[in-house]
Number of protein chains: 2
Amino acid sequence: MRTVAVDAMGGDGAPGPEVQGALEAVRQRLARVVLVGDEARVRRALGASADVEGLRVVHASEVITMTDHPGQAARGKRDSSMRVAFELARRGEADAVVSAGNSGAFLASGLFVMKRVAGVDRPGVATSLPTEKEPCALLDMGANVDCRPRHLAQFAVLGAAYARLRHGRIRPRVGVLSNGEESVKGTELTRATHALLAEARSDDFTYLGYVEGKDVFTGMCDVVVTDGFTGNVLLKTAEGVGRFVLQLVKREVQRGTWSRLGALLLRGAFRRLRRTVDYDEHGGAPLLGLDGVAVLCHGRSSPKAIKNGIGVAASLAGAGLPQAMREAILRHSNLWAGEAVQAQGG
Amino acid sequence: MRTVAVDAMGGDGAPGPEVQGALEAVRQRLARVVLVGDEARVRRALGASADVEGLRVVHASEVITMTDHPGQAARGKRDSSMRVAFELARRGEADAVVSAGNSGAFLASGLFVMKRVAGVDRPGVATSLPTEKEPCALLDMGANVDCRPRHLAQFAVLGAAYARLRHGRIRPRVGVLSNGEESVKGTELTRATHALLAEARSDDFTYLGYVEGKDVFTGMCDVVVTDGFTGNVLLKTAEGVGRFVLQLVKREVQRGTWSRLGALLLRGAFRRLRRTVDYDEHGGAPLLGLDGVAVLCHGRSSPKAIKNGIGVAASLAGAGLPQAMREAILRHSNLWAGEAVQAQGG
């Protein structure tokens, strides 16, 4: 069983959800867990469960808050729960790191302690979107607002490795998010990325070309790459529309007796529906391109979301994600080599 | 009653939907309509309804196709149905133009024939999104992929004028789409736009700062401005997620007898729901910043979508949209004056 270091002080309600999620993960034998944080507070949250097998607590005296400057906090707060969690992974005392804390600081701490896979310029944050068929990995979902084509090409390679290990795709289908399918569409960034990937002829993935926001949810591709600004807009829009449509359904069914009876009969269906679109079920967002396994959970994570994040982190570590990323980047480094030279020359 | 010139040859199924939509608009006394296109084909589609009062046909010998190069087609095809429709508006024989054709060519033809409102750099395409409360105008939704801050500031002013006339907002709330609410988030473009609009102190609108993709659908703002690439991603994602969630509901309710009975009782609710998210109900997308009224409909528009497009075009013309845009741009031109100087100096 793998060991996951959990930043117990990261989320908005910390350490409650982190501790409860960790306990549940241990009970379900998803992983061994090291809870990192203020020992007194963590032990208080653990209560009578402090001696559960497979769980231990490591003290860290500092906490990175949501308003801390990412880079400064990552370097300056040397004994933060986030940083100590990464140190455990670096020393081999944990196979993966999970946090619901400051996302920028999580990335900065990862870069500082865990380092990047050789050849990766910037790690990307991936998320699994539900679709009509199988889940689709979207990256970057927010870390890298200004990207260059080589970054997106690396996201494609990293995303394909992730889709293979996480979602079992043998040869993932990869698309570049754009505002139309024709290759004349898009921005300078998407067109240059398209030019790189169209030349790829990779055995690791099938490149589909441009895909649109609506295609993502039909399940026609396994990986969608974009810059962090656009990825964030897509993700938040999907959240917003999902909530909006469920609201509308709710409002409509409360309009009359027959409708209410209908809604009663559909209770099970609605429950399954909510589970499909429920963020908590999807187990956090891995930072692809770090030389290890690091999974970011939402700041408002419930215990269930933390538990699922731990489960995903353990299974990615067990499947050998870091090794798979290293090999994939090596195999494809010629893809963006030309782009770098061009950029330096131009 | 206003007169609307309809490009009868634009849409994927032209001239059928255009002709049927025009007939319905005339019957409902939404507007007088001039159908512009191949006279023989249009008259065949009209059949026995050729002599309906309030409807006339103007011949145009050429058609701009979806694959034509926008600029070349707009200038080169001098007798295209799209161009002739704009010429009618220019000569005062029509108060507005509607087309379901090539969107780039529609914009190029509008720029060429109808011209811009003085002081506007680039027209933006606006769309009305349904929300939990009142509709929200999003622009640009695809015409301008690469934007400068002054373009987005102009979209804010034009969008506010539109929201006032179309959705009855006295003092519309305007947001800039970003990847987080804090003003340190965003791209260079959104930060510079934010700086311009934060200084606005306009009586025409209330500036809310950054809004996220999820905020759009709660109804917290009346106008959201963004570049055409991001706007298109938002719009297509919303379409995709809306369809996806309704698919899920459908699949879930077919899983058992009780569910199916429930679905039967909810039929009316689902019908109203589909109407809320149905593109056809929303009457097309006006090109704000042209010195006139031009409404773009989807290439796959149904007769109902065309009819609604004609209705929106007539009501915007009746409400004096061009005059309102001219005045609003005059009142706010100091907003982006500084940005232009900065750009020339830097």
Side-chain angles (χ1 to χ4, degrees), chain A residues 130-132 142 145-146 177-180 185-188 190 212-218 226-249 251-256 258-273 276-277, chain B residues 130-132 142 145-146 177-180 185-188 190 212-218 226-249 251-256 258-273 276-277:
Chain A
T131 81
E132 286 175 28
V145 160
D146 294 303
L177 184 64
S178 187
N179 60 334
K185 295 269 186 172
T187 59
E188 262 181 63
T190 65
E212 298 184 73
K214 63 186 160 68
D215 302 327
V216 175
F217 300 90
T218 61
T226 185
D227 64 275
F229 181 82
T230 312
N232 193 278
V233 167
L234 187 151
L235 187 67
K236 300 273 179 71
T237 300
E239 270 182 54
V241 174
R243 202 175 310 149
F244 168 54
V245 174
L246 288 179
Q247 275 287 343
L248 282 180
V249 171
R251 191 190 303 169
E252 285 298 336
V253 303
Q254 283 166 346
R255 280 167 73 131
W258 289 114
S259 291
R260 261 182 250 164
L261 178 58
L264 204 66
L265 296 173
L266 280 175
R267 248 185 338 183
F270 285 139
R271 206 177 305 129
R272 284 191 300 273
L273 181 64
T276 307
V277 297
Chain B
T131 81
E132 286 176 28
V145 160
D146 293 302
L177 184 64
S178 187
N179 60 334
K185 294 268 186 171
T187 59
E188 262 180 64
T190 65
E212 297 184 75
K214 65 185 160 66
D215 303 326
V216 175
F217 299 91
T218 61
T226 185
D227 65 275
F229 181 81
T230 311
N232 193 276
V233 167
L234 187 151
L235 187 68
K236 299 272 179 71
T237 300
E239 271 182 53
V241 175
R243 203 176 308 149
F244 168 54
V245 175
L246 289 179
Q247 276 286 344
L248 283 180
V249 171
R251 192 191 303 168
E252 285 298 335
V253 302
Q254 284 166 346
R255 281 168 71 133
W258 290 116
S259 290
R260 261 182 249 163
L261 178 58
L264 205 66
L265 296 173
L266 280 175
R267 248 187 337 183
F270 285 140
R271 205 178 304 127
R272 284 191 299 274
L273 180 64
T276 308
V277 297

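Every chain is numbered from 1 and lettered A, B, ... according to where its sequence line falls, protein lines coming before strand lines.
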Looking only at heavy atoms, which two atoms of [X] and [Y] are closest? And how far apart?
{"X": "B:K214", "Y": "A:R243", "value": "CD-NH2, 4.4 Å"}
{"X": "B:N232", "Y": "A:E212", "value": "OD1-OE1, 4.3 Å"}
{"X": "B:L177", "Y": "A:F229", "value": "O-CZ, 3.6 Å"}

The reported gap from CG in B:D227 to CG in A:N179 (rounded to nearest 0.5 angstrom) is 9.0 Å
Rounded distance (nearest 0.5 Å) linking atom NZ of A:K236 with atom CG of B:D215:
8.5 Å
With sequence neighbours excluded, what pairs up with A:T237 under the side chain to side chain donor-acceptor pair (under 3.5 Å) test?
none
Of all of A:A238, A:G213, A:S178, which one pairs up most often with chain B through heavy atoms under 4.5 Å apart?
A:G213
Tell me, for B:T226 versus chain A, whether the close heavy atoms (under 4.5 Å) come from the side chain, the backbone, both or neither.
neither
Could you tell me which of B:G231, B:G142, B:G228, B:G186 has the largest number of non-hydrogen atom pairs under 4.5 Å with chain A?
B:G186
